[in-house]
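Encoded as C-alpha cells, the structure appears first; notes follow it.
Letters A, B, ... are given to chains in the order of the sequence lines, protein chains preceding strands, and every chain is numbered from 1.
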2 protein chains.
Amino acid sequence: MTPQVNENRTDVIDLENKIRSANLRPTRQRISLAKLLFSEGNRHITAEKLHGEALGKGVKISLATIYNNLHQFTTAGLLREVVVDASKSYFDTNVEPHHHFFHEDRGLLEDISSHRLTVDDIPNLPEGTEISSIDVIVRLTKRK
Amino acid sequence: MTPQVNENRTDVIDLENKIRSANLRPTRQRISLAKLLFSEGNRHITAEKLHGEALGKGVKISLATIYNNLHQFTTAGLLREVVVDASKSYFDTNVEPHHHFFHEDRGLLEDISSHRLTVDDIPNLPEGTEISSIDVIVRLTKRK
DNA sequence: CAACAGATTAGAACACTTCTAAAGAAGAAA
DNA sequence: TTTCTTCTTTAGAAGTGTTCTAATCTGTTG
Ligand SMILES: [Mn+2]
Ligand SMILES: [Mn+2]
Ligand SMILES: [Zn+2]
Ligand SMILES: [Zn+2]
C-alpha cells in the first residue's frame with residue numbers, strides 16, 4: 001500500500017512545515033504532538049489529556065514538554081486557550097473566532113461558529129481599553 | 001451620633017437575616033464576610049483577596065473559612081462564581097443574569113447588564129441537553 | 001564534522017483549593 | 001440556665017494543575 005505510506009510522509013512534512021513556520025524546530029516530540037493535535041479535525045484538549053494520549057500511543061514525552069509546546073503553539077497562533085473551568089486549561093486547535101458549548105458534566109467543549117451565534121449591543125468600552133476577544137460559553141447540563 | 005449607630009445595627013440585622021435565610025448560622029466570621037461582600041454595591045472578588053481584606057480590617061478568620069463560606073453562599077444563591085481565569089475563581093455578588101468586561105491586565109471584572117448586551121441565534125442544543133447558563137466575557141486590554 | 005542555540009527532561013517548587021480531624025460556638029430542649 | 005446536638009471554624013496537611021530549574025540532549029548552521 002504505497003499510497004498510505006506516501007500520505008503519511010506528506011502529512012509529516014506538512015506538520016514539520018507548520019512547526020517551522022512558527023520558528024520552532026521540528027523535534028520528534030513536536031511532530032508527535034502536532035500529529036495528535038492537527039491531523040484530524042478540530043480538538044479541544046487539556047495538557048494532561050494530551051500527555052496521556054501521547055504516552056498511550058507510545059510517544060515518550062514529558063509533561064513539561066507538553067506545556068512548553070502548548071504555550072509555544074498558542075503564542076505562534078496555532079492554538080488558542082479557552083477558559084471554561086477554573087481549575088484547568090483547554091487548548092483549541094480552531095483558531096478562527098468562534099464560541100463554545102461546554103458540557104459541564106463531561107468537561108467537553110464543542111464549537112459554535114460565530115456566524116451562527118452573534119453578540120449584539122456591546123456597550124461602550126471603558127476609557128482607554130480595547131477588545132482583546134469576546135468569549136461566549138453556553139454551559140450545558142443533561143436535560144432533566 | 002445615634003443615627004449612625006442605629007444604621008449599623010440595622011445593617012447587621014439585615015445581614016444576619018440574609019445568612020439565616022440561607023439556613024446558615026450567623027457566626028462572627030459569616031457576618032464579617034457578609035459585611036465585606038454585601039454592604040456596598042456589587043463586587044467581584046477572589047478568595048485570597050477577600051481573606052486579605054478581612055485580615056486588613058482586623059477580622060480574624062482562616063482561609064478555609066473563606067472558602068467554606070464562599071461556596072456555601074454560592075450554593076445558597078447569594079453569590080455566583082465567574083470563570084475568567086484558568087488559575088483562580090472569582091465570586092460575584094450580582095446574581096442576576098449579566099455579562100462581564102474583564103480587564104486582563106488588572107484581573108478586574110466589570111458588569112454588563114444583559115439588557116444591554118444580548119446573545120442572538122443560539123444554535124439548536126445538542127440532543128439531551130439544556131442550558132445551565134450563558135457567559136459572555138468581553139476581554140479588554142489597554143488601548144495601544 | 002564542530003559549535004551553538006534551542007529543546008527536552010525529571011523533579012522541585014508554586015499557587016490555589018480542598019481535606020482532615022479536633023476544638024469551639026450556636027441554637028434547641030428541658 | 002444548663003445540657004445536648006449539630007454546625008462551624010481552624011491549622012495545617014494534602015491535592016492538583018502548572019511553572020521553574022538546571023542539567024542533558026538535539027537540530028541547525030557553517
Ligand atoms: Mn497558560
Ligand atoms: Mn469552587
Ligand atoms: Zn473551539
Ligand atoms: Zn458580575
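- Thr27(B) has a side-chain polar atom (N or O) that falls below the 4.0 Å cut-off from OP1 or OP2 of dT9(D).
- Between Arg28(B) atom CZ and dA26(C) atom P there is a gap of 9 Å when expressed in whole angstrom units.
- The cluster map of Ile, Leu, Val, Met, Phe, Trp and Tyr, joined by side-chain heavy atoms under 4.5 Å apart, puts Val136(A) and Leu117(B) in the same cluster.
- Residue contacts for Lys49(A): at a heavy-atom cut-off of 4.0 Å it reaches no nucleic acid atom on any strand shown.
- Between Ile61(A) atom CD1 and dA7(C) atom P there is a gap of 13 Å when expressed in whole angstrom units.
- Side-chain contact between Leu140(A) and His103(A) is present, with heavy atoms from C-beta onward closer than 4.5 Å.
- Residue Ser89(A) places no side-chain N or O under 4.0 Å from the OP1 or OP2 atom of dG17(D).
- Of the candidates dA26(C), dG17(D), dT9(C), the closest approach to any side-chain atom of Pro26(B) belongs to dA26(C).
- In this structure, NE2 of His51(B) is placed 13 Å from P of dG12(D), rounded to the nearest angstrom.
- Regarding contacts with the backbone of dT28(D), a side-chain N or O of Arg20(A) is found under 4.0 angstrom from either OP1 or OP2.
- For His100(B) and Asp111(B), the side-chain atoms include at least one donor-acceptor pair closer than 3.5 Å.
- Within 6.0 Å of atom CD in Glu40(A), 12 or fewer heavy atoms from other residues, nucleotides or ligands are found, so the atom counts as exposed in its surroundings.
- Between the P atom of dG17(D) and the NZ atom of Lys88(B) lies a distance of 18 Å, rounded to the nearest Å.
- Contact annotation: Thr65(A) side-chain N/O to dT9(C) OP1/OP2 distance is under 4.0 Å.
- At the phosphate of dT26(D), neither OP1 nor OP2 sits under 4.0 Å from any side-chain N or O atom of Arg30(A).
- Distance CG (Leu63(A)) to P (dT18(D)): 8 Å, rounded to an integer number of Å.
- As a whole-Å value, the separation of Phe73(B) CZ from dT8(D) P is 10 Å.
- Nucleotides of DNA chain C nearest to Ala47(B) and Leu24(B) differ in position, and the one nearer the 5' end is that of Ala47(B).
- At whole-Å resolution of the value, CG in Asp85(A) and C1' in dC16(C) are 13 Å apart.
- For Tyr67(B), counting side-chain heavy atoms from C-beta on, the closest listed nucleotide (dT17(C), dT19(D), dG6(C)) is dT17(C).
- Taking the six-membered ring for Trp and thresholds of 30 and 60 degrees, Phe38(B) and Phe73(B) have ring planes inclined between 30 and 60 degrees apart.
- For Arg25(A), taking side-chain heavy atoms from C-beta onward, the closest of the listed nucleotides dG6(C), dT9(C), dT10(D) is dG6(C).
- Atom CD in Glu81(B) sits roughly 15 Å away from atom P in dC16(C) (whole-Å rounding).
- Close to dT9(D), at under 4.0 Å from its OP1 or OP2, lies a side-chain N or O of Asn69(B).
- Within the 4.0 Å cut-off from OP1 or OP2 of dT18(C), at least one side-chain nitrogen or oxygen of His71(B) is found.
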Can you give the donor-acceptor pairs under 3.5 Å from side chains of residues 52-66 of chain A to other protein atoms, not counting sequence neighbours?
residue	atom	partner	partner atom	Å
Glu53(A)	OE1	Arg43(A)	NH1	2.8
Glu53(A)	OE2	Arg43(A)	NH1	3.4
Glu53(A)	OE2	Arg43(A)	NH2	2.8
Ser62(A)	OG	Thr65(A)	N	3.2
Ser62(A)	OG	Thr65(A)	OG1	3.1

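- In this structure, Gln29(A) reaches the dT9(C) phosphate: one of its side-chain N or O atoms is under 4.0 Å from OP1 or OP2.
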